[in-house]
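Whatever order the structure lists them in is the order used to number ligands and atoms, beginning at 1.
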Amino acid sequence: MKIFHNKLDLHNCLSKYGQSSKSIGLVPTMGALHHGHLSLVNFGLNDNDFVVVSIFVNPTQFNNVEDLKKYPRTLERDVKLLKTVAEEEIIVYAPTVEDIYADNVTSKTFTFGGLENEMEGAFRPGHFDGVGTIVKRLLEIVKPQKAYFGQKDFQQLQIVKKLVEIHKIPTEIVGCPIFRADDGLAMSSRNERLTSKHRAAAPFIFKTLKSAKLKFGTESALKVTEWVTKQFENNNLLELEYFLIADVETLKPVKRKSTKKTYRAFIAAYAGDIRLIDNIALN
Ligand code: PAF
C-alpha cells in the first residue's frame, strides 16, 4: 500500500495512473477508521481502479479546540485496517497541516444556497467553511472521478454536492448508506471515546429515530418533535441538542407535509461530552 504525506509525491503517483486511464475514487476521512469508512472504501473499489483514502484531521472545521485536541490520530492502525480491504488498489494520502494550508491555517468562506445555515451549521459556527475548504482542496489535489461520503453526515453530503455544482468541479459525489453497529448506533470515530455507560445508552438515538419515522406516518412534524423531545427529557444519559424533520433538498424544517417532498429526521445529542449525530429517511 502506498502512503504519501505530501501532495507532490501523491501527484507523481497519480499522474502515472492518469496516463494509463485508470479511474480514481476518493474517500476523504479524518482517520480513526472504522467499518463505516471501510464500507465507503469498498464502494469506491467497486467503481474505480484505485481509491485514494485521505486521512487528515482538518483543524479548520473544528469549532471546539478541545474536540480538535482529543480527536483520535491512529495512522498506523488505520493503515492496518485498510490493508484488510485491499493493498494494491488503495493509496493513502495523510498530509501534514503545512501540505494542505502552507502557513495560513484558515478556511475560505462559502455559501451553499443556505444549506450551511441549518442544523450543524447553526450549532457549529464555521464548521462548513472548514469542510468546504478541505474537501475542495482534496478534490483539486486528487482529481477523482468519484468521491464517497457517508449519509451519517447527511448535511455535509448535501453541502459537498452543492460545492461541486457551484465550483464546477468534475467529480461525482456519491452518498453511501449509514453503517451501524449491531445495536443500531451509527459508526463514528467519536464512538470510541464514549464511556461504557454512554456507549450502552447511545443506541437510544437510532431507536428514537425509528419510532419517529413510524409516528411521522400519521402525525405532524411538530407532534413528532414534541414526542422526541420528551423521550430525551426522560433519558438522563443523553442530552438532546436538536431534533429536526427537514426537506432533504433545502434542509429547512418541514412546516406542512407534502407527498411531493422527501423528508429526513435529524438528531444531535450529547452522551457525556461526546457529541453524536444521526438521521433517518422518513419517506
Ligand atoms: O466527514 C469527515 O470525516 C470530514 O468532515 C471530511 C469530509 C473528511 C473533511 O475533513
Q | Arg77 and Glu192 ion-paired at < 4.0 Å | A | yes

Q.
Whether Lys136 and Glu140 form a salt bridge (side-chain N of Lys/Arg under 4.0 Å from carboxylate O of Asp/Glu) is what I want to check.
A. yes

What are the atoms of ligand 1, with element, lying closer than 4.0 Å to any heavy atom of [X]?
{"X": "Pro28", "result": "8 (C)"}
{"X": "Ile134", "result": "9 (C), 10 (O)"}
{"X": "Met30", "result": "3 (O), 4 (C), 8 (C), 10 (O)"}

Q.
If the test is side-chain contact (heavy atoms from CB on, under 4.5 Å), which one of Val174, Val27, Val135 qualifies with Phe149?
A. Val135

Q | Residues Tyr93 and Asp9: side-chain donor-acceptor under 3.5 angstrom | A | no

(Q) Would Lys162 and Phe110 count as a cation-pi pair here, with the cationic atom under 6.0 angstrom from the ring centre and within 45° of the axis? (A) no

Q) Among Arg137, His127, Gln61, His37, which one has a heavy atom closest to atom 4 (C) of ligand 1? A) Gln61

Q: Examine the proximity of ligand 1 to Thr29 and report which part, side chain or backbone, both or neither, has a heavy atom under 4.0 Å away.
A: backbone

Q. Does any N/O atom on Gln156 come nearer than 3.5 Å to any N/O atom on ligand 1?
A. yes

